Asks: 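Sharing a structure here in structure tokens format.
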Amino acid sequence: MQQKVRFQIEGMTCQACASRIEKVLNKKDFVESAGVNFASEEAQVVFDDSQTSADDIAKIIEKTGYGAKEKTEEALPQPEETAHVSWRLWLLFAINVPFLIGMAGMMIGRHDWMIPPVWQFALASVVQLWLAVPFYKSAWASIKGGLANMDVLVTIGTVSIYLYSVYMLFFSPHAAHGMAHVYFEAGVMVIGFVSLGKFLEHRTKKSSLNSLGLLLKLTPTQVNVQRDGEWKQLPIDQVQIGDLIRANHGERIAADGIIESGSGWADESHLTGESNPEEKKAGGKVLAGALMTEGSVVYRATQLGSQTLLGDMMNALSEAQGSKAPIARVADKAAAVFVPAVVGIALLTFIATWLVKGDWTVALMHAVAVLVIACPCALGLATPAAIMVGMGKAVKHGIWFKDAAAMEEAAHVDAVVLDKTGTLTEGRPQVAAVYCAPDSGFDEDALYRIAAAVEQNAAHPLARAIVSAAQARGLEIPAAQNAQTVVGAGITAEVEGVGLVKAGKLDFAELTLPEFSDDVWRIASIVAVSANGKPIGAFALADALKADTAEAIGRLKKHGIDVYIMSGDNQGTVEYVAKQLGIAHAFGNMSPRDKAAEVQKLKAAGKTVAMVGDGINDAPALAAANVSFAMKGGADVAEHTASATLMQHSVNQLADALLVSQATLKNIKQNLFFAFFYNILGIPLAALGFLNPVIAGAAMAASSVSVLGNALRLKRVKIE
């Protein structure tokens, strides 16, 4: 049986490291697929658990030279520790200071500012023989694994400079006359700049890219819990399901629960993306992380930790951010050959420069500059950094993407298929008119009782409306047995004292309606009823459009996205709704199979299709679409099938999802362009001698930070 497991990976220094782990895992017969995300430092592995275990896979990763810790969904993701400057980095800074002063002096003709060569050798030896050891270990582990990472380039470059300078200082013919040309400062400063770049990159990945830290802060650490009849302040980890918890004005809800007493208003925007507070009163639900903006409530905890909606969202976000988008393959392929190619270019640079200039010292500096300027890190970060920020932005808008591939596909959508009931409309239809068939033997109240008996076994909004209307009339609803749903048509049941009753579409109940003067029968949803094969009546149910539906359709059309309505409702009703919204493509009387077939037609015509729905009957079309969105709280099969979940039942949130995806893909392309352009421009400049190793080291460090900075711009992008 296939099982999916996630690992937190420690020790990766660039995309080549991630590629190496992927290569090792994907060679195993029992591994179905393995993907490693350099930005989130996470691996996701699908494997056959009858042949191996998660522990064995962790050991395989560890043998490649990296740490691996399994991530489980039983516990909430843990907050990342703030990255602090290590003593090693502080010492590197201190050693770099005299070299920086010396180089500044050399730029203005003051060569006497540089410390004596022997002191240069002493400080460079501390760096090269001690502080640079982590680079050597990483480089050696990478080479043993069959792939070369960034640290291989840094190691070759700085060791070459150091050994050359040692030779010139102590063994060259010029050494005795004090005329030796040494370049200890280049090696020291390259190690310093690259180490600083790694630190800034690590801190940005841990603190700025990931939105989990902000979500973790939504759960209070201390809560007021009733124990033994008294209110006590307890740590959140001591709270148990069933405990009574009090949340006052300005405090956050600690668990999902049911309100026992009190009232107020709670801000649940962290989950729904809806900025307006929700009213809370006895019998209602509260969600972990919500902020009480007014009032005070006492609620009973029903779900804790990872079992809450907040915990589910955090685990979903963590998994989605750790997945890889298809566009990342571009960087993966480049990173796989990047380091060997750079080493080859550096070697050619050394030979060519020596032949042209006849000075192997200059040739060495050019070759080292080529090694140092090359940066596979920027390539490796280009896609996952943007995905992490984009996923976080989507969650803030109440959108949960299952993985990075779904987000990338959503960015290409140019056709949206919408269900009507519950998607475009409120999903709370009301009975607007009733028709009793002549000579049926049933009056209006009897029609209500019989229909409600059957419909109380269905979850469709139209069914709930009929049951509610019957209850509002104070009617006694008879018992019904052997209820069976005919997908896309209706429902049947044996009603006590009546017999076999069908409720659903007109043809399902074999009812033909007469011509009505009232327009409601032409624009409303119709539920027909028959008893023992004889039509007995029908209900016309009207459902108001959601307040923001027209605005959402306008946003989609503004961005060149075609909109289609596909509904099981009658054609007249669907066309009426489409006319109100300015939608040109309206399809009614569609079965689940019809919807899926129409989606396939759109795809065959070259469209990238997004389907939105919330019912069981939407599942086939959701599966057929390129990318699909389910409404939270709809049918489980719809949520399971969909590529993403919308926390609000709003088409506006769908527009947000598509626009966030477009902004994220645009950012990825910018990052990839920058990473490729940087290397395409930087390597030739270094080879031709326009960049010395020190400047190359600083530029390499800056390239990764620049890519991360561009990804962070996504947080400020306006979605309109």
Side-chain angles (χ1 to χ4, degrees), residues 420-421 425 427-544 567-577 588-592 594 615 617:
K420 180 181 73 68
T421 305
T425 62
R428 294 191 295 271
Q430 296 181 337
V431 177
V434 181
Y435 166 72
C436 292
D439 304 324
S440 67
F442 294 92
D443 61 14
E444 195 168 294
D445 281 350
L447 180 61
Y448 266 108
R449 282 196 297 268
I450 294 170
V454 178
E455 295 285 26
Q456 65 186 349
N457 296 286
H460 196 279
L462 298 179
R464 291 195 295 267
I466 292 173
V467 174
S468 296
Q471 292 172 338
R473 284 173 168 246
L475 301 175
E476 183 178 346
I477 300 174
Q481 305 292 329
N482 302 321
Q484 294 184 352
T485 298
V486 180
V487 177
I491 186 170
T492 66
E494 294 284 346
V495 178
E496 184 179 346
V498 178
L500 180 64
V501 175
K502 293 182 177 181
K505 291 185 175 181
L506 289 168
D507 56 353
F508 181 65
E510 301 178 22
L511 173 65
T512 301
L513 289 173
E515 290 291 331
F516 290 105
S517 59
D518 192 344
D519 285 342
V520 70
W521 288 97
R522 283 188 285 274
I523 64 174
S525 299
I526 309 298
V527 174
V529 184
S530 69
N532 299 314
K534 181 180 180 181
I536 61 174
F539 297 88
L541 297 105
D543 189 7
S567 174
D569 216 335
N570 69 74
Q571 185 66 28
T573 302
V574 176
E575 287 180 354
Y576 177 77
V577 171
N589 297 314
M590 299 196 79
S591 68
D594 292 335
N617 61 330

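Nothing fancy with the numbering, it's 1 onward along the sequence. Just so we're clear, the structure is a prediction, and the values are computed from it rather than from any experiment. Side chains are part of it too, since the values below use all heavy atoms of this structure and drop only hydrogens, waters and symmetry mates.
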Asks: For S525, enumerate each residue passing the side chain to side chain donor-acceptor pair (under 3.5 Å) test, keeping only those at least two apart in sequence or located in another chain.
Replies: D569
Asks: If every non-hydrogen atom of W521 is compared with every non-hydrogen atom of I526, which pair is closest and at what distance?
Replies: CE3-CD1, 3.5 Å
Asks: Sequence neighbours left out, what passes side chain to side chain donor-acceptor pair (under 3.5 Å) with N532? Give chain and number order.
Replies: none
Asks: Looking only at non-hydrogen atoms, find the nearest pair between G537 and L511 and report the distance.
Replies: O-CD2, 3.4 Å
Asks: If you round to the nearest 0.5 Å, how far is CD1 of I536 from SG of C436?
Replies: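 Answer for the SG-CD1 pair, C436 versus I536, is 8.0 Å.
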Asks: Got a sec, which pairs hit side-chain hydrogen bond (donor to acceptor under 3.5 Å, both in side chains) with one end in residues 439-450, sequence neighbours left out?
Replies: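 Sorted pair list: E444-R473, D445-R473.
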Asks: More than 12 heavy atoms of other residues, nucleotides or ligands under 6.0 Å from CD of Q571: yes or no?
Replies: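 It does: Q571 CD has more than 12 such atoms within range.
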Asks: Which heavy atom of A451 sits nearest a heavy atom of F539, and at what distance?
Replies: CB-CE1, 3.6 Å
Asks: Look up atom CD1 in I477 and atom CD1 in I450, then write down how far apart they are to the nearest 0.5 Å.
Replies: 12.0 Å
Asks: Is the shortest side-chain heavy-atom distance between I491 and V486 below 4.5 Å?
Replies: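 No, their side chains stay 4.5 Å or more apart.
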Asks: D594 and N589: which non-hydrogen atoms are nearest, and at how many Å?
Replies: OD2-O, 4.0 Å
Asks: For a quick test of your reading: what N or O donor-acceptor pairs under 3.5 Å do the side chains of residues 452-461 make, sequence neighbours left out?
Replies:
residue, atom, partner, partner atom, Å
Q456, NE2, A453, O, 3.4
N457, ND2, A453, O, 3.2
N457, ND2, V454, O, 3.2
H460, ND1, L462, N, 3.0

Asks: Do you know which two heavy atoms are closest between V431 and A465, and how far apart they sit?
Replies: CG2-O, 4.3 Å
Asks: Enumerate the side-chain hydrogen bond (donor to acceptor under 3.5 Å, both in side chains) contacts for residues 475-498, please, sequence neighbours excluded, ordered by first and then second residue.
Replies: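 Matches after skipping sequence neighbours: none remain.
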Asks: With the side chain counted from C-beta on, respond yes when T512 and L506 share a heavy-atom pair under 4.5 Å apart, and no when they do not.
Replies: no
Asks: Counting only heavy atoms from other residues, nucleotides and ligands, does the tally under 6.0 Å from CZ of F442 exceed 12?
Replies: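 More than 12 within 6.0 Å, yes.
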Asks: Once ring-ring contact (aromatic ring centres under 6.0 Å, His included) is applied, do any residues pair with F508, and if so which ones, sequence neighbours excluded?
Replies: none
Asks: Under the 3.5 angstrom rule, does the side chain of K502 hit a backbone N or O of A493 as a donor-acceptor pair?
Replies: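 Not a single qualifying donor-acceptor pair exists.
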